[in-house]
Amino acid sequence: MSRPVRVRIAPSPTGDPHVGTAYIALFNYVFAKKMGGKFVLRIEDTDQTRARSDSEQMIFDALRWCGLSWDEGPDVGGPYAPYRQSERSQHYRDAAGTLLEKGEGYRCFCTEDRLAKLRLQQQAEKTTLGYDRHCRTIAPAEAASRAAAGESHVVRLKVPVSGPIEFTDKLRGTITRDAKEIDDQVLLKSDGMPTYHLANVVDDHLMEITHVIRAEEWISSTQKHVLLYRAFGWEAPEFIHMPLLRNTDKSKISKRKHPVSINYYRDIGILPHAFLNFLGLMGWSFGGDREKFTLAEMIDVFSWDRMSLGGPVFDLDKLTWLNEQYIHDLSYEQLADALISWRLNREYLVKLLPLVRERIKKLDEVIPATEYFFSGDLDLTPVLPEMTVPEVAPAAVGKALLDYVERFEARDGFDKTMLEEVARQWTEALGWKTKHAFMLLRLATTGRKASPPLFDTMAVLGKEITRRRLRSAAAVLAKAK
RNA sequence: GGCCCCAUAGUCUAGCGGUUAGGACGUCGGCCUCUCACGCCGAAAACAAGGGUUCAAGUCCCUUUGGGGUCACCA
């Protein structure tokens with residue numbers, strides 16, 4: 001393959017900027033730079049039910065904070081624009097039309113209800129799961145007229161009934177699955193939007209992506225993508241599936257068990273270089289016992305044969321140690337700058353001073369009064385005895401805290417109005433007295449019985465710190481007796 | 001459960017047929033020191049199991065076990 005190297009990171013704007021996105025972005029970036037190629041950022045926002053309005057910008061900001069930049073993307077443009085899938089609908093509709101014409105795809109009119117029943121039945125009979133190809137035999141002309149009459153439908157891929165489908169993964173060699181294990185994947189949803197499978201193949205082809213570097217979780221659907229390239233008559237890119245970052249229990253890293261937002265690491269005072277360096281240690285090694293290295297050095301020596309494939313556990317202790325090394329290397333001037341760009345700045349002070357001005361009599365009181373605004377994790381031991389709700393077991397109190405987190409996670413943004421609204425609904429659902437519920441939140445988020453107004457405080461602390469403190473409190477309570 | 005991926009200390013990893021299995025985090029001990037931290041020195045700690053192949057296996061092959069992923073009109 002002599003085409004110029006083009007790789008992409010394709011995050012979905014469905015929540016907070018994910019550490020896995022940074023991880024995969026890093027390796028895409030490094031490989032692109034190593035090969036003198038281009039690194040593209042493409043937003044995969046085809047799921048309108050899950051899309052969050054503030055998510056896309058947070059992804060840009062978070063990746064830039066890491067020190068990664070892209071040659072083409074929604075915000076910087078480029079020769080293959082647009083880079084937002086929601087703005088590329090016509091491409092996917094055209095592609096689906098092509099498949100229909102070629103007889104490689106077909107319209108499916110099955111209702112969600114029918115599919116749900118089918119799934120239940122298959123579970124009961126313990127037969128292989130998957131679509132039963134009910135609509136595959138409808139004559140194309142009939143299907144076309146039903147569609148023209150406005151009947152709701154999707155477009156599915158006509159997967160071969162059997163036969164081995166294989167592809168080569170650069171890190172793992174040939175991976176084979178039999179077509180009979182693969183069901184007829186939905187390509188175009190009834191709302192006219194493509195699924196990931198269609199969109200990524202169409203876009204990777206149109207954007208002339210040469211190497212698809214993505215997480216291991218995609219391995220099992222790669223055969224579908226190969227089938228799609230084949231159906232279109234397009235050359236498939238090379239596939240490189242990275243290992244998955246893991247929780248301490250080895251499962252795929254997840255927000256219930258581990259901080260996954262890049263912003264969390266930023267907010268607790270991890271330096272971007274340390275963060276990127278640490279991600280570079282996950283599954284990859286520099287060689288020669290070297291653990292501390294810059295992005296430029298990583299690019300310089302980069303090679304895929306230094307990858308190991310066991311899923312690496314994201315170890316906060318080691319990240320913290322590495323961060324310490326970076327901090328100690330900083331000059332005092334640089335450290336001052338780092339602190340200022342972190343939280344010791346006018347912007348943050350202006351945010352929190354409205355909460356403390358009435359509470360101080362002399363300037364010297366501001367630091368002690370706001371200490372928890374500048375901390376990551378708190379030591380809750382001193383206030384643990386206070387963290388009770390009458391008639392409720394500590395473990396249940398902890399669970400309730402988790403429930404509150406779930407509730408605000410489900411909402412856009414992170415402002416005091418939303419936080420209070422959610423808290424009041426939550427309190428009511430629990431049947432607790434407001435003063436007990438709110439004191440609990442106060443103790444968990446500030447470690448103190450007295451604080452500025454709770455929801456203002458949470459808003460200033462930010463989502464990451466707030467979430468982490470509430471989860472930590474829940475964990476402590478779960479262990480309490 | 002079917003299919004697929006993976007497998008060196010608690011964790012991140014080096015190793016690419018012949019090593020006393022190396023480094024790092026963490027843990028423990030000591031030194032340094034006005035305290036703490038840093039730093040330095042040291043210790044415990046690993047090739048999942050069983051079969052092959054080979055003069056020789058952590059390294060190659062097979063099986064088992066274990067872990068993970070995936071089975072959506074989510075990505």
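Order of the sequence lines fixes the chain letters, A, B, ..., with proteins taken first and strands second; residue numbering starts at 1 for each chain. These numbers were taken from a predicted model, which means no experiment stands behind them. Keep in mind that the numbers below use all heavy atoms, side chains included, and drop hydrogens, waters and symmetry copies.
- Taking the C1' atoms as reference points, B:C32 lies 50 Å from B:G69, given to the whole Å.
- Contacts of A:Arg156 with the nucleic acid, taken as non-hydrogen atoms under 4.0 Å apart, involve only primed sugar atoms and P, OP1 or OP2.
- Across all strands, A:Glu324 comes closer than 4.0 Å only to sugar-phosphate atoms, never to a base (heavy-atom distances).
- Dashed line: the shortest gap from a side-chain N or O of A:Ser285 to OP1 or OP2 of B:A14 is under 4.0 Å.
- A:Glu291 comes within 4.0 angstrom of a nucleotide base, judged by non-hydrogen atoms across all strands.
- Within the shown strands, nothing qualifies as a pairing partner of B:A37 under the Watson-Crick or G-U definition with both distances less than 3.5 Å.
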Pull out every protein N or O sitting under 3.5 Å from an N or O of nucleotides 66-69 of chain B, one pair per line with the distance.
unit_1	atom_1	unit_2	atom_2	d
B:G68	O4'	A:Arg246	NH1	3.4
B:G68	O2'	A:Arg246	NH1	3.4
B:G68	O2'	A:Arg246	NH2	3.3
B:G69	OP1	A:Lys252	N	3.1

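- Using cut-offs of 30° and 60° on the angle between ring planes, the pair A:Phe278 and A:Phe314 is perpendicular.
- In this structure, A:Arg172 pairs ionically with A:Glu216, as a charged nitrogen and a carboxylate oxygen lie closer than 4.0 Å.
- Sequence order on RNA chain B of the closest nucleotides to A:Pro194 and A:Leu171 puts A:Leu171 first from the 5' end.
- Taking atom C1' on both nucleotides, B:A49 is separated from B:U70 by 27 Å, rounded to a whole Å.
- One can place CD1 of A:Ile182 at 13 Å from C1' of B:G2, the figure rounded to the nearest angstrom.
- A salt bridge is defined here as a Lys NZ or Arg NE, NH1 or NH2 lying under 4.0 Å from an Asp or Glu carboxylate O, and A:Arg448 with A:Glu371 meets this definition.
- Between B:A46 and B:G58, the distance separating the two P atoms is 15 Å to the nearest Å.
- A:Gly283 comes within 4.0 angstrom of sugar-phosphate atoms only, judged by non-hydrogen atoms across all strands, and of no base.
- Under the Watson-Crick or G-U wobble criterion, with both distances below 3.5 Å, B:C47 is left unpaired in every strand shown.
- Distances shown here put every side-chain N or O of A:Arg290 at or beyond 4.0 Å from the OP1 or OP2 atom of B:U13.
- Atom P of B:U53 sits at a distance of 45 Å from the matching atom of B:A72, rounded to the whole Å.
- Taking a 6.0 Å sphere around NE2 of A:His197, one finds it holds more than 12 heavy atoms contributed by other residues, nucleotides or ligands.
- Base contact: A:Val154 has a heavy atom under 4.0 Å from a base atom.
- B:G23 and B:A44 have their P atoms separated by 12 Å, with the value rounded to a whole Å.
- Side chain A:Arg50 to base B:C74: a donor-acceptor pair is found below 3.5 Å.
- Not less than 6.0 angstrom separates the ring centroid of A:Trp70 from the ring centroid of A:Tyr29.
- Side-chain nitrogen and oxygen atoms of A:Lys189 include at least one within less than 4.0 Å of the OP1 or OP2 phosphate oxygen of B:A75.
- Base pairing of B:G17 is not made with any nucleotide, judged by Watson-Crick or G-U wobble geometry with both donor-acceptor distances under 3.5 Å.
- B:U27 and B:U65 have their P atoms separated by 37 Å, given to the nearest Å.
- For the pair A:Phe278 CZ and B:U11 C1', the computed distance is 9 Å after rounding to whole Å.
- A:Lys224 has its NZ atom 12 Å from the P atom of B:A75, to the nearest Å.
- For B:A75, the OP1/OP2 oxygens have a side-chain nitrogen or oxygen of A:Thr46 closer than 4.0 Å.
- For A:Phe31 and A:Phe39, the ring centers sit 6.0 Å or farther from each other.
- The base of B:C73 does not come close enough to the side chain of A:Thr195 for any donor and acceptor atom to sit less than 3.5 Å apart.
- Between A:Met307 and A:Arg177, the one whose closest nucleotide on RNA chain B sits nearer the 5' end is A:Arg177.
- Listed nucleotides: B:A14, B:C73, B:G26. Nearest to the side chain of A:Ser308: B:A14.
- Atom pair A:Asp315:CG and B:C25:P shows a separation of 11 Å (rounding to whole Å applied).
- In A:Glu333, the CD atom is not crowded: 12 or fewer heavy atoms of neighbouring residues, nucleotides or ligands sit closer than 6.0 Å.
- Separating the C1' atom of B:A56 from that of B:U13 is a span of 26 Å, rounded to the nearest Å.
- Ring geometry for A:Phe239 against A:His241 counts as parallel: the plane angle stays under 30°, on a 0 to 90° scale with 60° as the upper cut.
- Here A:Arg306 reaches the OP1 or OP2 of B:G15: one of its side-chain N or O atoms lies under 4.0 Å away.
- Following rounding to the nearest Å, A:Asn277 (CG) and B:C12 (P) show an atom-to-atom distance of 17 Å.
- Among the atoms of the strands shown, only primed sugar atoms or phosphate atoms (P, OP1, OP2) are found under 4.0 Å from some heavy atom of A:Met282.
- Across B:G52 and B:G68, the matching C1' atoms stand 28 Å from one another, rounded to whole Å.
- Rounded to the nearest 0.5 angstrom, A:Lys479 NZ and A:Leu384 CG are separated by 11.0 Å.
- Base pairing of B:G58 is not made with any nucleotide, judged by Watson-Crick or G-U wobble geometry with both donor-acceptor distances under 3.5 Å.
- The nearest whole Å value for the distance from the CZ atom in A:Arg114 to the P atom in B:C73 is 12 Å.
- Rounded to a whole Å, the CG atom of A:Asp184 is 13 Å from the P atom of B:A72.
- Under the Watson-Crick or G-U wobble criterion, with both distances below 3.5 Å, B:U70 is paired with B:G2.
- Using Watson-Crick or G-U wobble geometry with both donor-acceptor distances under 3.5 Å, B:G42 finds its partner in B:C28.
- A:Asp169 places its CG atom 16 Å from the C1' atom of B:C3, with the value rounded to the nearest Å.
- In this structure, A:Phe232 and A:Trp234 have parallel ring planes: the angle between them is below the 30° cut-off, well short of the 60° mark.
- Among the atoms of the strands shown, none is found under 4.0 Å from any heavy atom of A:Thr49.
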Check the pair A:Tyr196 / A:Asp47 against side-chain hydrogen bond (donor to acceptor under 3.5 Å, both in side chains), numbers first and verdict last. CA-CA 9 Å; A:Tyr196 170 83; A:Asp47 184 353; over 6 Å; no
